[in-house]
Amino acid sequence: MTAIVRVVGAARTVALQGLAGRRVDVEVDVASGLPSVRVVGMPDAAIREAQHRTQSAIETSGFEFPGTRVVINLTPASLPKAGTHLDLPMAIAVLRAIGVVPPERDAALFGELGLDGRLQPLRGVLPLVRAAALDGADEVLVPHANADEASLVEGVRVRAVASLREAAIALGADVEPVPVEPATLRVPPETTRAVPDLADVIGNLHAVEALQVAAAGAHHMLMLGPPGAGKTMLASRLPGLLPELDVDQALDVASMRSLSGIACASLDRTPPFEAPHHSATAGALVGGGGALIRPGAVSRASHGVLFLDESPEFSRVVLDGLREPLESGVIEIHRSAATAVFPAAFQLVLAANPCPCGHHGTGQCRCVPQQRRRYLGRLSGPLLDRVDLQVTVDRVKPVEAAMRADEPRTSTAVARQRVAAARERAAHRLRGTPWRAMGQVDGPWLRRTHPLPPAVVGPLDDALARGAISMRGYDRTLRVACTVADLDDAPVTREHVGRALFYRQGVPS
């Protein structure tokens, strides 16, 4: 009886679950039997198709694919795997099984193979390399086109390779190199975003002040006004007032963009600004997909601003999907085969017209009160209860614009210094806690550790007794009062509470 000959090869890679990743070991068993290739270990369709790409790439790279039974196991077998980045580790594991590549090196491997053996650019390289580094890998191999993005992760050696043959040589194969033209990125790198200046805003001084309150305390904001009043103009200037991102935050933002197919050659420290169209689906806003779950706009806006213009035009289901991430700062997406968790610590800015035609209060509106109530009623009470600042923005008349054209206005640089000073005062108040801004603070903790005299919180107590605000609204108004006081560099007074309550109830119903 003929003995069954078995040879096993292995390689290391990562499977993503949201932004996090888990180590995956690719094992290849080459045994006697009829020629066949089988991939096991909960692969998705892209990975199951990889057996054909892998075989062609190995043969066109000058190696001989085993003419026997080949089983490729992705372990742990209970973890769903998705993505084409497993092509390279599968091919290297086969080459190790047939003795072409020695088994000593334990680098993490990522790459999609073309039929000619070249490595194609990948989507999501940055989170893959971050996950490998956290798992203890000190070296990674990535496609040549993804080298700059992978190099953003510190503490891990990045080796860029253009082909399967070059990867085999990098891992110790004793074969002659064959130069190839590296595959290039299909998506151009994102260009540096220009931050518009707050000094461009004419008039609406109360809205400019509210924008600084929002920036100083990370408070959510609603602006109500007719078309052309400057709502979008104000919202687009909010990222310029926010503190610069730290390295971890910038890596989170870059990772979200990478998963969305945007190449990242450098870390952008400016807070992101996402403004999805009002026709966006729930999946586009919060994320979704099948086995390979992609982040939505709320995750790409994490550590920055999510701006929903024409917010009543969004689907009610889409808007209500924001309530959980507004409270928790993360979004958890469940599918039958996988669960993904993405960061969603965004600052929400809503903009709305005062009525369906948008001209309420200008003398040109023909909407009846019932139409206006129904239109604004699309923004649910539970959602608005989480919005700390509600501001009416008026259209600036040409005469007023001409009169104010030469008046000195608050610039982004000046406002940012004021915001930074207010955040430092808040950080002193919040030292020893997990919070960084007043908009994130737990209400009971604030009332317990920083109680205010009854004379100061009197307006709040009256509003709560009348049912004008909920207990959540009480706590949120208290946080805004602290932020207003921090901007004034003063203790919280009754005036600050009154201003915070005005912001809370500033939009007429």
Side-chain angles (χ1 to χ4, degrees), residues 196-217 219-241 273 275 278 305 307-314 347-379 384 387-412 414-415 418-419 468 477 480 483-484 487 495 498-509:
D197 200 305
L198 189 61
D200 298 334
V201 179
I202 298 177
N204 282 309
L205 298 182
H206 67 290
V208 172
E209 177 67 18
L211 197 71
Q212 296 175 64
V213 174
H219 300 289
H220 307 305
M221 185 176 183
L222 165 66
M223 291 182 286
L224 189 74
K231 302 184 295 293
T232 302
M233 189 178 191
L234 283 162
S236 64
R237 280 146 180 80
L238 180 55
L241 307 184
F273 181 81
H278 59 74
V305 178
F307 175 52
L308 302 186
D309 198 9
E310 306 290 349
S311 55
E313 299 294 343
F314 281 79
Q347 193 167 344
L348 179 64
V349 178
L350 303 171
N353 294 327
C355 63
C357 75
H359 297 296
H360 180 77
T362 65
Q364 306 173 24
C365 180
R366 296 294 181 267
C367 301
V368 298
Q370 185 178 7
Q371 287 178 301
R372 183 168 178 260
R373 285 194 299 269
R374 187 185 302 117
Y375 177 74
L376 293 178
R378 297 177 187 175
L379 302 176
L384 290 180
V387 178
D388 300 341
L389 309 173
Q390 301 182 15
V391 182
T392 299
V393 183
D394 299 318
R395 190 181 294 165
V396 179
K397 297 179 175 60
V399 175
E400 183 183 1
M403 292 177 58
R404 296 184 174 226
D406 297 328
E407 288 184 0
R409 295 187 291 273
T410 303
S411 67
T412 291
V414 171
R418 187 178 177 219
V419 167
T477 306
V480 174
T483 300
V484 174
L487 282 169
E495 178 190 354
R499 285 166 60 187
L501 196 57
F502 168 76
Y503 285 134
R504 183 78 187 174
Q505 303 174 320
V507 173
S509 58

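The structure displayed is predicted, hence computed values, not measured ones.
Residues passing the side-chain hydrogen bond (donor to acceptor under 3.5 Å, both in side chains) test with T410: none are found, sequence neighbours excluded. Partners of H219 under the side-chain hydrogen bond (donor to acceptor under 3.5 Å, both in side chains) rule, at least two apart in sequence or in another chain, are D388, T483.
Between V201 and L211, the closest side-chain pair of non-hydrogen atoms is not below 4.5 Å. Using a 4.5 Å heavy-atom cutoff, the side chains of E209 and H206 are not in contact. Two residues are said to be in side-chain contact when any heavy atoms from C-beta on lie closer than 4.5 Å; L384 and Q390 meet this criterion. A heavy-atom distance below 4.5 Å is found between the side chains of L487 and R418.
In the displayed structure, Q370 atom CD is contacted under 6.0 Å by at most 12 heavy atoms of other residues, nucleotides or ligands.
Taking both residues in full, the closest heavy atoms of A215 and L238 are given as CB-CD1, 3.7 Å, listed atom of the first, atom of the second, then distance. Annotation for D309 and A351: closest pair OD1-CB, 3.5 Å, computed over non-hydrogen atoms. For the residue pair S236 and P239, the shortest heavy atom distance occurs at O-CD, 3.5 Å. For the pair V387 and L222, the tightest heavy-atom approach, listed with the atom from each and the gap, is CG1-N, 3.6 Å. For the residue pair D197 and S411, the shortest heavy atom distance occurs at OD1-CA, 3.4 Å. Shortest non-hydrogen contact noted between A207 and V393 is CB-CG2, 4.2 Å.
Rounding to the nearest 0.5 angstrom, the gap separating the CG atom in N204 from the OG1 atom in T392 is 9.5 Å. Distance CZ/R372 to SG/C357: 10.5 Å, rounded to 0.5 Å. The CG atom of L198 sits 7.5 Å away from the CG atom of L234 when rounded to the nearest 0.5 Å. Here the straight-line distance linking atom CG of L376 with atom CD of Q371 works out to 12.0 Å at 0.5 Å rounding. From L348, atom CG reaches atom CE of M221 across 11.5 Å, with rounding to the nearest 0.5 Å.
No donor-acceptor distance shorter than 3.5 angstrom exists from the side chain of R409 to the backbone of I202, with no hydrogens or angles considered.
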Discussion item. Side chain to side chain contact (heavy atoms under 4.5 Å, CB included), that's the test. Do R237 and V208 meet it? Break it down for me.
Written reply: CA-CA 10 Å; R237 280 146 180 80; V208 172; over 6 Å; no
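Tested against N353, the residues H359, E313, K231, H360 include a single side chain to side chain contact (heavy atoms under 4.5 Å, CB included) partner, K231.
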